[in-house]
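Below, chain A is the first sequence line, B the second, and so on; all start at residue 1. Note: hydrogens, waters and symmetry copies are ignored here, and every other heavy atom, side chains too, is used.
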2 protein chains.
Amino acid sequence: MAQKKKAAGHKFRGIAADLQAAIDRGEYGPGQRIPGEKALAETYDVAPMTARQALHWLRSQGSVESRKGAGFYVLNWRPIRRSGITRLARNQWSNGKSVWEADDSRPLDVDQLCVKRATAPERFASVLEIEPEAAFARSRRYLLDGRPVLLAVSWFDHDLVSGTPITRPDTGPGGVYARLADMGRAPVRFNESIRAQLPTEEEAERLKMPPERAVLRIARTAFDDSGRAVEINAMVADSAAYVLDYEFDA
Amino acid sequence: MAQKKKAAGHKFRGIAADLQAAIDRGEYGPGQRIPGEKALAETYDVAPMTARQALHWLRSQGSVESRKGAGFYVLNWRPIRRSGITRLARNQWSNGKSVWEADDSRPLDVDQLCVKRATAPERFASVLEIEPEAAFARSRRYLLDGRPVLLAVSWFDHDLVSGTPITRPDTGPGGVYARLADMGRAPVRFNESIRAQLPTEEEAERLKMPPERAVLRIARTAFDDSGRAVEINAMVADSAAYVLDYEFDA
DNA sequence: TAGTGGTCTAGACCACTAA
DNA sequence: TAGTGGTCTAGACCACTAA
């Protein structure tokens, strides 16, 4: 009968733990291939499905990535530290005092830039106090070393930004916030809401991430000095790539 | 109709989408049971494993929960809105302007309170500038309507808090921050770092959540006016239960 | 006692990769 | 061309639930 080396009915966890430990010990270095479904099934004397579960668990953790037809390969994320409150970022209070190993000094590339009139999700439209159809969207994708890590769509009141540089691919120095300031609608206050959810199929494809790994959804609303929302930036980040950081006074 | 191309080999996605749509339409209300593995396998003419994948996908989204031996039941989360920057919370800027349907007016219960000397994770110890063994931990679990939603462990320098009310279950009015203030080490600045990861087996059990659903890990570091870290609060939140909220000036 | 989810078996075919 | 991951089949036994 089936041999039970771990708690009954959790074989795949034991296999995953073994592999993770081997990765942590450096037995498999970044970029190296780890044993595949067939090899694990034989080694551990389990069904291929069970070996697969272990590999997918590692993948959804971000420990490995799978390449179809090629195998599973060790990843070594140095998460991007995203400072939500940028003007206060990197001050004396936090120098070198971080609970995560992370890095915020690497430049991100942008592609898939798309600016167009579009229909906003209901919940964004209501915050912007517009009809969903009366929205303008600036969409783009961010990459780190060629790997997609973040999707972002900025939503505006179409009537507000129509005819301004905000509707053009290049918004000029200072970006959209500087242009909003030019129009007398400078953002003076921000709200960021964060959730972790599964990616949609499209999001997973654009981020080249496995569909079972969570994304961080960050919705940043910018308010002008009259308290009206002038922009909502809806971001979707690969959860394996990001650490979000906020600093504030007591 | 926006029916996706039936790319051969994504049956479970179609089934999951059908069920989610039925839930969204209200065909299955909160608390109601949805068809199980066997029923779905028959209805859609697929293998039980395929039906199971669909149900587990819904579960990892937080749309349903499974009760062993009883079936899958519709959940209706009203996420808890956690304001990171509490002193600024709920001001004019954000009144009624939220992109998520959430609620922050419900009281949380506390259980599993445990205060003891303990060994801190390396990365916490180094931020607190102590040896891992020289740590003191205050651990507890928070529940909403009887459902666990958050685990929290506060880490201190053992030598600093030893003999103070911080080492007792009841820390008195104002809690640990007031006691730190009594000692001349009042927190004046905070840093919160956020990641989304899979729960450990123990975390999933204590939160009564499926192991494939992500948790939000929030590490809050409190600094005194000399810039030294006086406390690290390591929180683990069910990602289906929480929206994190930060507000700040431009 | 009948039914359910949790885990697992032992395969299959396909598209894709690397040599 | 041999090997791999992605998806799926058609079951199995177990612990547990609800009637």
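Rounded to whole Å, the distance from CD on B/Gln53 to P on D/dG6 is 12 Å. Taking atom NZ of A/Lys68 as the reference point, atom P of C/dC16 lies 5 Å away to the nearest angstrom. Look at OH on A/Tyr44: it is 18 Å from P on C/dA10, rounded to the nearest Å. We find that CZ of B/Phe12 is positioned 18 Å from P of D/dA10, with the value rounded to whole Å. Rounded to whole Å, the distance from CD on A/Glu65 to P on D/dG5 is 12 Å. Taking atom CD of residue A/Glu42 and atom C1' of nucleotide C/dA10, one finds them 14 Å apart after rounding to whole Å. One interatomic measurement links the two molecules: CG of A/Leu40 to C1' of D/dG3, which rounds to 15 Å at whole-angstrom precision. Rounded to whole Å, atom P of D/dC13 lies 16 Å from atom CE of B/Met49.
Considering only side-chain atoms of B/Phe72, the nucleotide from C/dA10, C/dC16, C/dG6 that sits closest is C/dG6. Residue A/Lys38 places its side chain closer to D/dG5 than to any other of D/dC16, D/dG5, D/dT9. In the set C/dT9, C/dT4, D/dG5, the nucleotide with an atom closest to the side chain of B/Arg33 is C/dT4.
Each of A/Glu37 and B/Gly69 has a nearest nucleotide on DNA chain D; the 5'-most of these lies closest to A/Glu37. Along DNA chain D, the nucleotide closest to B/Val46 and the one closest to A/Pro35 are compared, and the more 5′ of them pairs with A/Pro35.
Applying the 4.0 Å criterion to OP1 and OP2 of D/dG6, one finds that A/Ser66 has a side-chain N or O inside that range. Contact annotation: A/Arg13 does not reach the phosphate of C/dG6 (side-chain N/O to OP1 or OP2, under 4.0 Å). For the OP1/OP2 pair of D/dT7 and a distance below 4.0 Å, the side-chain nitrogens and oxygens of B/Thr50 include no atom meeting the criterion. The side chain of A/Arg52 contributes no N or O atom lying less than 4.0 Å from OP1 or OP2 of D/dT7. The side chain of B/His10 contributes no N or O atom lying less than 4.0 Å from OP1 or OP2 of D/dG6. OP1 or OP2 of C/dG6 lies within a sub-4.0 Å distance of a side-chain N or O belonging to B/His56. At least one side-chain nitrogen or oxygen of B/Lys11 sits closer than 4.0 Å to the OP1 or OP2 atom of D/dT9.
The closest side-chain donor-acceptor pair between A/Tyr44 and A/Asp18 falls under 3.5 angstrom. Checking A/Gln112 against A/Ser139 by side-chain atom types alone, no donor-acceptor pair falls below 3.5 Å. Of the N and O atoms on the side chains of A/Ser239 and B/Gln197, not one donor lies less than 3.5 Å from an acceptor on the other residue. Using a 3.5 Å distance cut-off with no hydrogens or angles, the side chains of A/Thr171 and A/Arg138 do not pair a donor with an acceptor.
Between A/Arg13 and B/Glu201, at least one side-chain N (NZ, or NE/NH1/NH2) sits under 4.0 Å from a carboxylate O, which counts as a salt bridge. At a threshold of 4.0 Å, the pair A/Arg217-A/Glu203 counts as salt-bridged, since one of the basic side-chain nitrogens sits closer than that to a carboxylate oxygen.
In DNA chain C, stems built from 3 or more consecutive Watson-Crick or G-U wobble pairs, each with both distances under 3.5 Å, span C:1-18 with D:1-18.
For B/Phe136, the ring-ring contact (aromatic ring centres under 6.0 Å, His included) test picks out no residue, with sequence neighbours left out.
Using a 4.0 Å heavy-atom distance criterion, B/Arg67 is classed as a sugar-phosphate-only contact.
When every heavy atom of A/Glu37 is checked against every heavy atom of A/Leu55, the shortest pair comes out as N-CD1, 3.7 Å.
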